[in-house]
Amino acid sequence: RLKGFLWGAFSGLSEPLAAALTWVILYRTEFNENVYGALFGITTGMMVIISLKELLPTAHRYDPLDKVVTNSLIAGFVLIALSLVLLERSGQHEHGTVTDESDDHDGHDHRWF
């Protein structure tokens, strides 16, 4: 029991310790769009890998006939895409200064049609 408790405690402390280490490393870093982009990209990559390597295989073990998993995955993709489109259309999406009327900034175009 003690061994299990210690492993659980160690596992639970890994995130705060990693956060503290990251803060020490990035303390003097100027946070600009490139730094935020890199950090969000790294975080997103970790979440995608965890989903693909751990969560989906586990879900398929509980749904061996695939009655729910694939449809739920597709529904999740559609929901995320729809939320991104609605966020873009609502005007709440902002990550730079628009310099002209074409809404073309930071190297990409936001026109949908």
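Both backbone and side-chain heavy atoms feed into the values below; hydrogens, waters and symmetry mates do not.
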Under 4.5 Å between side-chain heavy atoms, chaining through other members, with only Ile, Leu, Val, Met, Phe, Trp and Tyr counted: pull out the rest of the cluster around L79, sorted by chain and number.
-> none
Other cluster members, L82 - Ile/Leu/Val/Met/Phe/Trp/Tyr, side-chain contacts below 4.5 Å | L86
Answer with yes or no whether the hydrophobic clustering places V24 together with Y27; edges join I, L, V, M, F, W, Y residues whose side-chain heavy atoms lie under 4.5 Å apart.
-> yes
Which distance, rounded to the nearest 0.5 Å, do you find between the CD1 of I80 and the CG of L84?
-> 6.5 Å
State the CD-CG distance between E54 and L56, to the nearest 0.5 angstrom.
-> 10.5 Å
Heavy-atom nearest pair, S11 first then S14, reads O-OG, 2.7 Å
Shortest non-hydrogen contact from P57 to L52?
-> CD-O, 3.4 Å
Table please: side-chain donor-acceptor pairs of residues 34-51 below 3.5 Å, with sequence neighbours left out.
| unit_1 | atom_1 | unit_2 | atom_2 | d |
| --- | --- | --- | --- | --- |
| T43 | OG1 | L39 | O | 2.9 |
| T44 | OG1 | F40 | O | 2.7 |
| S51 | OG | M47 | O | 3.0 |

Verify side-chain contact (heavy atoms from CB on, under 4.5 Å) between D66 and V69, making sure each step is shown before the conclusion.
-> CA-CA 6 Å; D66 197 24; V69 174; 3.6 Å; yes
